[in-house]
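The chain is numbered in sequence order, starting from 1. What you are looking at is a predicted structure, and each value in this text was computed from that prediction instead of being measured.
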Amino acid sequence: MKWSNLETDICPIARTLFVMGDRWTLLIIRDCFLGLSRFEQFQKSLGITRHILTGRLKRLVDEGILVKHEYARGRYDYALSETGRTLEPVLIELFKWGKKHRPVRRKTA
């Protein structure tokens with residue numbers, strides 16, 4: 001199955017993955033829940049390139065997960081929409097799963 005076909009797939013998980021199924025999207029949403037809202041904050045937190053971050057933010061706004069507000073000429077804040085805020089339990093469960101099944105493995109010297 002082609003990635004682009006997921007948008008119209010009958011399975012809700014597939015349709016959700018079409019929007020959220022890359023390594024950056026949920027991390028941007030996580031950062032929004034943690035209070036980050038500006039492009040530079042996301043970039044610093046994630047170490048993501050400007051090009052990729054621009055694309056992911058645009059997609060999240062287009063999908064209604066984030067809303068953007070101009071705070072200075074050509075500069076924007078991003079905030080979770082009502083739809084975006086409904087992702088909180090999903091992130092909490094991913095956090096709990098990761099803590100239990102993917103613990104931090106410290107390197108030994």
Set out, in order, the CA-CA distance, both residues' side-chain angles and the distance that settles side-chain contact (heavy atoms from CB on, under 4.5 Å) for K96 and K99, then state yes or no.
CA-CA 5 Å; K96 289 197 267 185; K99 193 166 175 139; 5.7 Å; no

Closest non-hydrogen contact found for G84 with F33 is O-CZ, 3.7 Å

Applying the 4.5 Å side-chain criterion to the ILVMFWY set and letting contacts propagate, would I28 and L94 be lumped into a single cluster? yes

message: Is it true that, when you exclude L34 itself, more than 12 heavy atoms of the residues, nucleotides or ligands shown sit nearer than 6.0 Å to its CG?
response: yes

_Donor-acceptor pair, distance only, cut-off 3.5 Å: does the side chain of R15 make one with the backbone of I10?_
yes

Hey, does D31 have a side-chain heavy atom less than 4.5 Å from the side chain of L27? no

One should read off an interatomic distance between L57 CG and C32 SG, to the nearest 0.5 angstrom, of 7.5 Å

CZ (R30) and CG (L91) are apart, to the nearest 0.5 Å, by 9.0 Å

In this structure, CG of L36 is separated from CD1 of I29 (nearest 0.5 Å) by 13.5 Å

Problem - Lys NZ or Arg CZ of R59 over F18 ring: under 6.0 Å, within 45° - result: yes

Anything under 3.5 Å between a donor and an acceptor, one on a side chain of residues 60-72, the other on a protein residue two or more places apart or in another chain? List them.
{"residue": "D62", "atom": "OD2", "partner": "K58", "partner atom": "NZ", "Å": "2.7"}
{"residue": "E70", "atom": "OE2", "partner": "G74", "partner atom": "N", "Å": "2.6"}
{"residue": "Y71", "atom": "OH", "partner": "R75", "partner atom": "NE", "Å": "3.2"}

| said: Using the rule that Ile, Leu, Val, Met, Phe, Trp and Tyr join whenever any side-chain heavy atoms are under 4.5 Å apart, tell me whether L87 and F95 fall into a single cluster. | reply: no

ask   = Going by heavy atoms in the side chains, are F42 and I48 under 4.5 Å from each other?
value = no

Exam field: side chain Q41 to backbone R38, donor-acceptor pair closer than 3.5 Å
yes

To the nearest 0.5 Å, atom OG1 of T86 lies from atom CD of E82 at 7.5 Å

NE2 of H51 to CZ of R56, rounded to nearest 0.5 Å, is 8.0 Å

Next item on the list: Determine whether V19 and V90 fall in the same hydrophobic cluster, where Ile, Leu, Val, Met, Phe, Trp and Tyr are linked whenever their side-chain heavy atoms lie under 4.5 Å apart.
Entry: yes

task = Check whether any side-chain heavy atom of L53 lies under 4.5 Å from a side-chain heavy atom of T49, and answer yes or no.
result = no

